[in-house]
S.K.: 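The structure under discussion is supplied below as structure tokens; questions concerning it will follow.
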Amino acid sequence: MSHFFATEHTAAADIQLTDAERQPCEIWTRVMGYHRPVASFNVGKQGEHNERRFFAESRCDR
């Protein structure tokens, strides 16, 4: 790692943005074999997407 990279990384970490300065993040998901933005879903599909749960598979000890 170069000194320049470490200095640049530290400076970027110190920047604080207000909510007005932030941009919305567009979330895409795979539906029926192709990718679509979640914002283009109808109300029911958006609700279903918000109810999704993520899980981590535990390690099998045998």
Side-chain angles (χ1 to χ4, degrees):
M1 178 186 304
S2 70
H3 172 70
F4 176 74
F5 178 77
T7 305
E8 182 180 281
H9 182 69
T10 304
D14 294 336
I15 296 173
Q16 296 292 322
L17 296 175
T18 64
D19 288 340
E21 295 173 311
R22 295 179 182 269
Q23 291 185 15
C25 178
E26 186 172 45
I27 300 170
W28 285 62
T29 188
R30 185 171 176 266
V31 179
M32 300 296 291
Y34 59 95
H35 293 86
R36 292 190 55 186
V38 174
S40 71
F41 289 172
N42 64 30
V43 175
K45 186 67 178 174
Q46 284 184 4
E48 177 189 324
H49 184 267
N50 290 333
E51 292 176 357
R52 290 182 185 176
R53 295 184 182 166
F54 295 95
F55 69 96
E57 204 169 344
S58 61
R59 187 176 149 199
C60 180
D61 294 324
R62 289 187 182 202

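Side chains included, hydrogens not; waters and symmetry mates left out as well; all remaining heavy atoms used. All of these numbers come straight from a predicted model, not from anything done at the bench.
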S.K.: Test: side-chain hydrogen bond (donor to acceptor under 3.5 Å, both in side chains). Region: residues 50-60. Which pairs qualify, not counting sequence neighbours?
M.R.: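 Qualifying pairs: T29-R52.
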S.K.: Linking I/L/V/M/F/W/Y whenever their side-chain heavy atoms sit closer than 4.5 Å, directly or via other members, would F54 and W28 fall into one cluster?
M.R.: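 F54 and W28: separate clusters.
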S.K.: Measure across Q46 and F41 and return the closest heavy-atom pair with its distance rounded to 0.1 Å.
M.R.: NE2-O, 3.2 Å
S.K.: P24: what forms a side-chain contact (heavy atoms from CB on, under 4.5 Å) with it, not counting sequence neighbours?
M.R.: none
S.K.: Which heavy-atom pair separates E21 from L17 by the least distance, and what is that distance?
M.R.: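 It is OE1-CA, 3.4 Å.
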